[in-house]
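Just so it is clear: chains get the letters A, B, ... in the order the sequence lines come, proteins before strands, and each one is counted from 1. Both backbone and side-chain heavy atoms feed into the values below; hydrogens, waters and symmetry mates do not.
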Amino acid sequence: MNFFRTLGEKPWLAQAGEIAVINNSEQNILKGKTALKFLLAVVGVIFFLFTVTFLSRTQFPDFMALSGEPWQPFTNPVQLWYNTAALLLGGIGLQGAKLSAKANHFNKALVGIIIGIFFTLLFLVGQLLVWTQLYALGYVLTSNPANSYFYLFTAVHGLHILGGLVALSYVTFQFIRKNGVARLSSGISLCATYWHFLFVVWLLLFALLTSSPETYKTIAQLCGF
Amino acid sequence: MSYTAIADQPEGDLHDPDTFITKYIYSQDHKVIAIQYTVTAIAVGLVALVLSGLMRLQLGFPDTFSFIDPSNYYQFITMHGMIMVIYLLTALLLGGFGNYLIPLMVGARDMVFPFLNMLSFWFYFVSVIVLMASFFVPGGPTGAGWTLYPPQAILEGTPGSDWGIILMLVSLTIFIVAFTMGGLNYVTTVLQARARGMSLMRMPLTIWGIFVATILGLLAFPALLVSAIMMLMDKVVGTSFFMPALVSMGEQLSYSGGSPILFQHLFWFFGHPEVYIVALPAFGMVSDVLAVHARKNIFGYRMMVWAIVAIGGLSFIVWAHHMYVSGMNPYFGFFFATTTLIIAVPTALKVYNWVLTLYRGNIHLRTPMLFAIGFIFTFTHGGLTGLFLGNVVIDLPLSDTYFVVAHFHMVMGVSPIMVLFAAIYHWFPLVSGKHLNVRLSKLHFWITFIGTYAIYLPMHYLGFLGVPRRYYAMGDTDFIPASAQTLNANITIAALIVGLAQLIFIYNVIISLSKGKKSEPNPWDATSLEWQTPDFPPKHGNWGKTLPVVYRWAYDFSVPGTKYDFIPQNVAEEDVEKENSNAGVESTGDKK
């Protein structure tokens, strides 16, 4: 592996190294990509740790899963499926924007961005709708740990999406104001990657939050909780 | 050998500060941000130092000071611990030294995201303000102990359970956001903005330590964030993530079924890597200080890098050795004791290498070197007691005694502080262009070094006697002899002297900034890039017209057959040979 080869170098020996020179815009892309990788690692760890605490909590006797019985709200989570579709379309919009920006079709890229923002906002509104429905059904934040986790997970995920929207707006405004064509392409590309990542996180959360008690038990046993 | 592709950033691309506010307050220059971090961290650290003095007054002379009641005492403990670990050590080592040294040592003009870097400091500043605000809210700051264990942390009866704990958790959350912004900058700068020729394995160990510690921080602080958010929800909106069903003050609370142990796992999943977040930059900096002042290349550079990486990896699988008495599965204890002993191997390797660097070196006992050698002593002592506590059977009787207090203060209190002082004395001329007063510096060292032993060695003995930590007063107990109190009084006197001795340091810094002897460029004849800037001290943009090119590692000291006893990283082999032939020195050729 490259990393181990690096660690095996002997810097005390005088050696002529190859020096690759790249231009500034390429370096900007590299910087953004590296920072994003680490950011996604941080976000990934946050959700991973929440998930571990959740799985452990599912095995306590007072935990009442939100799915598994006909009267439970997420046994048939239609609204969540709609929301998932919205987030997927948001990601597809951004992917389209990314490809268009790469091919120098800037009007198409803007359309992609607008589609991305619209469907992402729709996802957030949809999530809020689920909150109000749950609340109306009496599944309030403190009445059961399963509810607490549902609100917590969706809130944290939603905040990450909002953060992404702020970054996307920044990239878009920069593009409109300065017409920074090269920057748009790299900025949109980073945003698209972030969106896809949060979509995958949402799929995992969706599966986790709507599982039945038996599934939790199996996972917990596999994990040794 | 391969090098990372590097782009020359033209000087004109930099965010030139033109007003007082953009130059000194909302500055995006990494050096100004570093100084802002350093000053804030030291200021808040002094608050924590005063708190420890107050605690010692109570322990050394109980029933003497009416203004210290049990609640105050617990608040002092909590705030002292949290401030020292997070807001002083982490912020100063990474925010202060990380910011100052990374771009200079890798040959960059600035951090890769200067605006984010500025935001990082201001978020840190806000987190400190929020934390300090807790001294002024009803009920005062939290007195839950720095580990903030639920359920007691948020229950009535614990000092500061109204507002103090909320402000603490909010402040930690803001700090983590600040750290993440800074951390992304540090790792990206190290990976993407190194000068030409600066391969990863040519980086000084300081940068390796800061780099790996930052990655640890990025992956470990989320655990604290997660636990802070969940505890905040338990406290504010009444969820039961960590809170079990319980009766408090004769009343059944609405909590049910939560797991306090879960919090402990999360906390220590952050808490143990945190030890290394503090230790690894210190390891790196002390290596460089030792090499420069012993005029010798660091012994086993590659092994030092491997040890840093190995310690970083292992630090994520040892956390439960803080929880042997929590009632967890006994098999866990076996696993975590084993991993704890394994992590001692790379750590010990580093100690051997430091000592071997000194062996037959041309040692200059300047103040940075004194502190660096002092660190080897304190760290070895602290590390050895760690081997005791890492074993379950020895930890059980010693748990929650002063032995533990002595151990962690030696290993992650005194030792990093020793390195911080070594680093400040070493790099002060670079930052300010002035030398610190030598006599005052040495006085500061000797009082601090001997004083810390006077404080912490007796504490080990108190721990063996079974004197419990976290107690406001010992009262009358059969197993603690009366002489323990005399020892406690002595410890307090030593602690107060060491505390006051830090004023010498502060006085020295203030007086030297205005009246100190002017330092010539590169006063220690160091090889690393930060000392090779065209301006001394370095100006905005660091490198003038063109970025430096690196031809060698950072440890070419006393190379046989060369005119000077050091070759800076940016000097090419041809230039060395030219210099030698001019001076009539017979070159031995390639130093293979």
Report yes if the side chains of [X] and [Y] come closer than 4.5 Å at any heavy-atom pair, otherwise no.
| X | Y | answer |
| --- | --- | --- |
| R302(B) | W12(A) | yes |
| F3(A) | L200(B) | no |
| S259(B) | Q59(A) | no |
| M201(B) | T6(A) | yes |

Given that the side chain runs from C-beta out, which part of V305(B) has a heavy atom under 4.5 Å from chain A: side chain, backbone, both or neither?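 V305(B) touches chain A through side-chain heavy atoms alone.
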
For F241(B), which atoms come within 4.5 Å of any heavy atom of chain A: side chain, backbone, both, or neither?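 When you check distances to chain A, atoms from both the backbone and side chain of F241(B) fall under 4.5 Å.
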
Find the distance between [atom1] ([X]) and [atom2] ([Y]) and round it off to the nearest 0.5 Å.
| X | Y | atom1 | atom2 | result |
| --- | --- | --- | --- | --- |
| K37(A) | T188(B) | NZ | OG1 | 10.5 Å |
| T142(A) | M233(B) | OG1 | CE | 9.5 Å |
| Y301(B) | E9(A) | OH | CD | 9.5 Å |
| M111(B) | K31(A) | CE | NZ | 12.5 Å |

If contact means a heavy atom pair closer than 4.5 Å, which residues of residues 216-225 of chain B contact chain A? L218(B), L219(B), P222(B), A223(B), L225(B)

With chain A, the option among L266(B), T239(B), V226(B), L184(B) that has the most non-hydrogen atom pairs under 4.5 Å is V226(B)

Under a 4.5 Å heavy-atom cut-off, does chain B meet the side chain of F38(A), its backbone, both or neither? both

Region of S56(A) in contact with chain B, defined by heavy-atom distances below 4.5 Å: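 Only the side chain of S56(A) comes within 4.5 Å of chain B.
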
Would one find more than 12 heavy atoms of other residues, nucleotides or ligands at under 6.0 Å from atom CE of M64(A)?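 No, the 6.0 Å shell around CE holds no more than 12 heavy atoms from other groups.
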
Among A41(A), S143(A), G32(A), G8(A), residue most engaged with chain B (heavy-atom pairs, under 4.5 Å): G8(A)

Count the heavy-atom pairs under 4.5 Å between each of L36(A), N144(A), L141(A) and chain B, then report the option with the highest count.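 Looking at each of L36(A), N144(A), L141(A) in turn, L141(A) comes out on top.
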
Closest heavy-atom contact between R57(A) and S240(B)? NH2-O, 2.8 Å

Exercise: identify the closest heavy-atom pair between A35(A) and F113(B):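 Answer, listing the atom of A35(A) first, then F113(B): CB-CE1, 3.6 Å.
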
Side-chain donor-acceptor pairs under 3.5 Å in residues 47-55 of chain A, sequence neighbours left out?
| unit_1 | atom_1 | unit_2 | atom_2 | d |
| --- | --- | --- | --- | --- |
| T51(A) | OG1 | F47(A) | O | 2.6 |
| T53(A) | OG1 | F50(A) | O | 2.7 |
| T53(A) | OG1 | Y149(A) | OH | 2.8 |

